[in-house]
Q: 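Starting off with a structure, shown below.
Position 1 is the first residue of the sequence; numbering continues from there. Just so you know, these numbers come straight off a predicted model, no measurement behind them.
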Amino acid sequence: MTYRVVQWATGAIGKTCLRAVLDSPSLELVGLLVYGDGKVGRDAGEIARRPATGVVATRDVDAVLALDADIVLHTPRLQLPYEKHDADICALLRSGKNVITTAGNHYPAAHGPDRLARFEAAAADGGTTLCGLGVSPGVIGERIAMTLASTSVDLEAITIDEVLDASTMPSPDFVFTVMGMGSDPAATDLTNGPLPALYRALYSETLAYMADNLGLTDYEITDDHHVELAADDLEVRAGTIRKGTVVATEWRWHLSAAGARRLSLAIIWTMDGSLERYAGRPHWRIHMTGRPEVTMDIDMRDAVDTDVRTTAGQYITAGIVRQAIPVVVAAPPGVLVAPQFAPYRF
């Protein structure tokens, strides 16, 4: 069958998803929601560097809600606060459209029954399904690390480190506001500020999903954050990182149960890939201790074709999203969370 798709947002991830839709014979683009005034009225094909489609970009949310579509690929940037996109997602679900979002909501149950119930109620009203997808969160911990854990006969702990050179990210707002780069370290609250709250909300979903599927109960998540400061002024694609301001962030959490640390997750973003602390490290390292002890390194490689501006990280997210469309459309109403096959249980 052919699935009727609305693309919501056309940032780096959104445009890659849009191209994936246009390039797939089983997907039909029927709507395009954009945030920037400069894209309004332009053909989706022009925005995606593809032939004309006849679908024109709009900022009119009501017009998108009125469309007849099977699914919406909801790919806006993560923003402060974490709940910023909730109203749009619920409205889409109630309008009768399934939703795949890359802006969190991989495991709403991590935040307690009220948040989960909000999405489930909207999905029930529309007879639709919500599914949060991505690489991290989404694949690295929830799929790959959990699969490694299923090979253990005596699991002690799992540590996941993500190291990303973010110096080529183009958006000043995302780099300097959402990522916190270039900020004054004296004004950076690593405990109670808006950024640690945002990233704890997002990445606690990975930890809670893993813990719940590993059979852990009564667990607690603690913070262990760190920032690195620029030794000199540094020019990156989004602007200038001034000397003495934040040039790298390490968001790190530990999950413990019954007095034992079982899971650790570090999300490390640097604007200076030459820093000795990060140089040469893989994009992801998963280290499982116990019997057996296993280490897995995962790296992404960007296309060598200089005419291709899409990064490996954008491709990998779009691939996950596109492959999930038939599964999400066929799922019963509610919040869809990927099941585990024969998981290890503490």
Side-chain angles (χ1 to χ4, degrees), residues 11-14 16-17 20 71 73-78 82 98-110 129-152 155 157-166 169 199-214 251-253 255 262-269 281-288 294-303 310-328 331 335-344:
I13 296 297
T16 309
C17 290
I71 195 161
L73 307 185
H74 178 262
T75 61
R77 291 180 185 141
L78 188 68
Y82 184 64
N98 299 289
V99 177
I100 292 176
T101 182
T102 60
N105 296 308
H106 302 81
Y107 191 52
T129 300
L130 169 65
C131 183
L133 293 174
V135 183
S136 175
V139 169
I140 300 299
E142 292 89 335
R143 299 193 195 182
I144 299 177
M146 287 296 294
T147 299
L148 284 181
S150 71
T151 70
S152 181
L155 180 62
I158 301 172
T159 298
I160 303 171
D161 287 344
E162 172 183 308
V163 180
L164 176 66
D165 183 344
M169 287 191 172
Y199 293 120
R200 182 186 177 96
L202 177 64
Y203 289 101
S204 66
E205 296 187 6
T206 293
L207 292 169
Y209 174 89
M210 293 177 66
D212 289 348
N213 281 278
L214 290 168
W251 306 109
R252 182 179 285 103
W253 304 269
L255 184 146
R262 296 299 188 184
L263 303 173
S264 293
L265 174 62
I267 305 298
I268 301 166
W269 296 321
R281 294 175 63 176
H283 283 118
W284 291 281
R285 171 165 289 170
I286 303 170
H287 183 208
M288 180 178 78
V294 177
T295 299
M296 174 183 284
D297 290 348
I298 303 171
D299 269 315
M300 297 182 293
R301 295 284 184 263
D302 289 334
T310 306
T311 67
Q314 293 158 13
Y315 279 128
I316 201 170
T317 303
I320 294 163
V321 168
R322 187 178 68 177
Q323 271 72 269
I325 289 173
V327 178
V328 175
V335 175
L336 178 61
V337 177
Q340 290 291 315
F341 174 76
Y344 180 92

Q: Which distance, rounded to the nearest 0.5 Å, do you find between the CD1 of I158 and the CD1 of I286?
A: 8.5 Å

Q: Shortest non-hydrogen contact from C17 to L73?
A: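 Minimum heavy-atom contact is CB-CD1, 4.4 Å.
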
Q: If I take atom CG from residue L207 and atom CZ from residue R262, how far apart are they, to the nearest 0.5 angstrom?
A: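 Rounded to the nearest 0.5 Å, the CG-CZ separation comes out at 14.5 Å.
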
Q: Do the side chains of L202 and I267 get nearer than 4.5 Å, heavy atoms only?
A: no

Q: At what distance, to the nearest 0.5 angstrom, does CZ of R322 lie from CG of L133?
A: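 Result: 14.0 Å between the selected atoms.
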
Q: Can we call the ring centroids of W253 and Y203 under 6.0 Å apart?
A: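 Yes, ring centres under 6.0 Å apart.
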
Q: Once rounded to the nearest 0.5 Å, what's the spacing between atom CE of M169 and atom CG of L164?
A: 5.0 Å

Q: Is there a side-chain contact between E162 and S136, using heavy atoms and a 4.5 Å cut-off?
A: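 In short, these two side chains touch, coming nearer than 4.5 Å.
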
Q: For A103 versus P76, what's the shortest heavy-atom pair and its separation?
A: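 Heavy atoms only, the tightest pair is CB-O, 3.8 Å.
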
Q: Do the side chain of Q340 and the main chain of E142 share a donor and acceptor less than 3.5 angstrom apart?
A: yes

Q: Is there a side-chain contact (heavy atoms from CB on, under 4.5 Å) between H74 and N105 once you walk through the steps?
A: CA-CA 11 Å; H74 178 262; N105 296 308; over 6 Å; no

Q: Any side-chain to backbone donor/acceptor pair from S152 onto L148? Under 3.5 Å, distance only.
A: no

Q: Would you mind telling me which of T206, L255, I160 makes a side-chain contact (heavy atoms from CB on, under 4.5 Å) with L263?
A: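 Of the listed residues T206, L255, I160, the side-chain contact (heavy atoms from CB on, under 4.5 Å) partner of L263 is L255.
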
Q: Using a 3.5 Å distance criterion without hydrogens, assess whether the side chain of Y209 forms a donor-acceptor pair with backbone atoms of A338.
A: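 Checking the backbone N and O of A338 against the side chain of Y209, a donor-acceptor pair under 3.5 Å is found.
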
Q: Report the distance from atom NE2 of H106 to atom CG of L336, rounding to the nearest 0.5 Å.
A: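 Separation between the atoms: 12.5 Å.
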
Q: Would you say D302's side chain and A312's backbone share a donor-acceptor pair under 3.5 angstrom?
A: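 At least one qualifying donor-acceptor pair exists.
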
Q: Has the side chain of N98 got a donor or acceptor atom that lies under 3.5 Å from a matching backbone atom of T129?
A: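 Side chain of N98 to backbone of T129, a donor-acceptor pair under 3.5 Å: yes, one is there.
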
Q: Do I268 and R281 have side chains that get closer than 4.5 Å, going by heavy atoms?
A: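 Heavy-atom side-chain distance check passes, below 4.5 Å.
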
Q: Using every non-hydrogen atom in the two residues, find where A208 and A110 come nearest and quote the distance to one decimal.
A: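 Of all heavy-atom pairs spanning A208 and A110, the closest is CB-CB, 3.5 Å.
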
Q: Measure the spacing between CG of D161 and CZ of R285 and express it to the nearest 0.5 Å.
A: 8.0 Å

Q: Could you check whether any side-chain heavy atom of I316 comes within less than 4.5 Å of a side-chain heavy atom of M300, counting everything from C-beta outward?
A: yes

Q: Apply side-chain contact (heavy atoms from CB on, under 4.5 Å) to the pair T102 and I320, showing each step before the final yes or no.
A: CA-CA 10 Å; T102 60; I320 294 163; over 6 Å; no

Q: So T75 and T16, do their side chains get closer than 4.5 Å, heavy atoms only?
A: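 T16 does not reach T75 side chain to side chain.
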
Q: Within the 4.5 Å heavy-atom criterion, are I298 and H283 side-chain neighbours or not?
A: no

Q: Salt bridge (charged side-chain N to carboxylate O under 4.0 Å, His left out) with D212: which residues, sequence neighbours excluded?
A: none

Q: Within the 4.5 Å heavy-atom criterion, are L265 and M210 side-chain neighbours or not?
A: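 Heavy-atom side-chain distance check fails, nothing below 4.5 Å.
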
Q: Minimum heavy-atom separation for G104 and Y82, please, with both atom names.
A: CA-OH, 3.3 Å

Q: Would you indicate whether the side-chain heavy atoms of Y344 and M146 approach each other to under 4.5 Å?
A: no

